[in-house]
Amino acid sequence: IANTQELFFFFFLKDVTIKMLNEAGEVEDVLVPNYKKMNDMFITWKNSLNVKNTDGTLFSEDDTPLNVELFGGLTIGEYRDMFQSYIDDNRVKLIPIGTTTNMQPYHSIAFVTRSNKIKFVGFNNGAVYNYYGTVNAGCTIELSQPFEKKDNKIVKIWHCGFHIVILYDDGSLYGRGYQALGHFGIGNTAIVYRFVLIATDVVDYISASHGDNDEAPSAKILKTDGSVWASGDNGHGECGVGTTTNLYTWTKCYDPVVYGGDKAVQVYIEGDDVAYSMIVTENGKLWVAGYNGYGQLGVGDVVQRNSFVNVSPSIFDSAVKKIALGGYTDAHYGGTTLVLTTNGRVYSTGFN
C-alpha cells in the first residue's frame, strides 16, 4: 500500500525548489512542499508583492527581502506540516477490522486514513453512503463523522455489506446504513444516512452479513464488563435471549455476573438460513445458541437452542481458545464449527 501511494503522490504532489533572494541579497534555494497544491497561493503572493522573475530568481521591485515567511504567511515547517496532513488524509491507517465479523462488503470499500477520516468508494445501494443520494461513488469520498467525536480516534471499523460501523477510543459505537430488522439496536428499522450512536462501553461489534441478505442481519456487541448484548434478526434464536422474536434494542444475552465473573472475550455469529452464535469466555468455556439442524452447536443433538447453553468442557482436552464458523458456500447454507483449544487441538462439528 505504501509503495503504491508513494508512486501516486510522486506524480501529483511533487516538492519544488525555487530560488529566492534572502535578506543578505544572496540567492537562496527554498524547498516548497506540495507545490502543485500551493501554486495558486504562490501566484497570489507574487502578484501582491510585485515579484519579478529574472533568470529563475525571484525578487521584489522595491527591494523588499523575499523570505519564506512571506510565502503565504507560513514558514517552511508549517508548509511541511500542511503537506504531511494532506498525505495523511489520503493514506490508509491499518487499524483492526472486526475479524470476528462474518462480512462481505458489496462491491465497495471503506477505510480509515492516518488523519482519522473515513473514506468510501464503490456501490451506494439505497443511498447508504452518499447523504440522500443514489449515485455510486466512482472515486473515494469522505464520510462525515459526528461532530461530537471530532477529538476521538477511530480504533475499529466494520464494513458489513450495506452498513458501516465504527468504534471510537472512548468505547462509543456508531453505525450507518441498512438495519431492516433493527440490528443497530436503536429501536427502529429506518435506513440511517449519517453515523448515529448505537452503543457505549463497547470493545467489539459482531454482525452476520453476506451482502445478499444484509438487509436483515443479526448483531451482537461485547462490552467492557464482559457482557454480550444482541439485536436484530432472531428467527432461529441466535440472539440467545430465550425467544425467536426479532430484537430492536440491545438486549443482554450473556451476563458474566451470573457465572462467577467469567467474562466473554470473543463472540461469533453465523447468519441467514442457519443462524447461530457462540461465545468464548475468559476461562475458556464455550456457550452456544441458535439453529442446530446440522449439529453445528456441538451439543450432541440437532435441537435448536433459543438461549445460550454451555458446551460440556469434558468434550475438549483443554480450554477453548478460538472458534471458526462457516455456513455459506456456493449458494448453500450449511453450518460448520471448528474449535481450537489452548493445547493446540482442533475439534469440528456440523455440516460435512
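It should be emphasised that the depicted structure is a prediction, and the values quoted were computed from it without experimental measurement. Both backbone and side-chain heavy atoms feed into the values below; hydrogens, waters and symmetry mates do not.
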Query raised in the report: Does the side chain of Val339 reach to within under 4.5 Å of the side chain of Val346, using non-hydrogen atoms?
Result: no

Requested in this report: Verify, without hydrogens or angle tests, whether Asn292 (side chain) and Val303 (backbone) share a donor-acceptor contact under 3.5 angstrom.
Outcome: yes

Query raised in the report: In the hydrophobic cluster built from side-chain contacts under 4.5 Å, what are the other members alongside Leu247?
Result: Val241

Query raised in the report: Could you give the distance from CG (Leu167) to CG (Asp169), rounded to the nearest 0.5 Å?
Result: 8.5 Å

**Report entry** Short side-chain donor-acceptor distance under 3.5 Å, Ser227 and Asp255
**Finding:** no

Query - Worked check of side-chain hydrogen bond (donor to acceptor under 3.5 Å, both in side chains) between Thr244 and Asn234 - result: CA-CA 5 Å; Thr244 56; Asn234 191 35; over 6 Å; no

Query raised in the report: Shared ILVMFWY cluster between Val302 and Val288, side chains joined below 4.5 angstrom?
Result: no

Query raised in the report: Which class fits the ring pair Tyr254 and Tyr259: parallel under 30°, tilted 30 to 60°, perpendicular over 60°?
Result: parallel

**Report entry** Any donor-acceptor N/O pair, Arg176 side chain to Tyr193 backbone, under 3.5 Å
**Finding:** yes

Query raised in the report: Does the cation-pi check pass for Lys220 over Trp229, that is, NZ or CZ under 6.0 Å from the six-membered ring centre and within 45° of its axis?
Result: no

**Report entry** Any donor-acceptor N or O pair under 3.5 Å, side chains Thr337, Thr349
**Finding:** no

**Report entry** Proximity of His163 and Phe184 rings by center, below 6.0 Å
**Finding:** yes

Requested in this report: Decide yes or no for Val309 and Val311: does some side-chain heavy atom of the first lie under 4.5 Å from some side-chain heavy atom of the second?
Outcome: no

Query raised in the report: Are the ring centres of Tyr294 and Phe351 closer than 6.0 Å?
Result: yes

Report task. Determine whether Val280 and Tyr268 make a side-chain contact, defined as any pair of heavy atoms from C-beta on separated by less than 4.5 Å. Result -> yes

Query raised in the report: Between CG of Asp262 and OG1 of Thr281, what distance do you get to the nearest 0.5 Å?
Result: 3.5 Å

Requested in this report: Any chance you could measure Leu338, atom CG, to Tyr347, atom OH, to the nearest 0.5 Å?
Outcome: 13.0 Å

Query - CG-NZ distance between Leu173 and Lys156, expressed to the nearest 0.5 angstrom - result: 10.5 Å

Query raised in the report: Less than 4.5 Å apart, any side-chain heavy atom of Gln304 and any of Tyr276?
Result: no

Query raised in the report: When Gln179 is tested against each of Ile191, Ile186, Ile198 for side chain to side chain contact (heavy atoms under 4.5 Å, CB included), which residue passes?
Result: Ile186

Query raised in the report: Can Asp170 and Lys149 be counted as an ion pair, charged N to O under 4.0 angstrom?
Result: yes

Query - Derivation and outcome, side-chain hydrogen bond (donor to acceptor under 3.5 Å, both in side chains), residues Thr200 and Ser172 - result: CA-CA 4 Å; Thr200 57; Ser172 58; over 6 Å; no

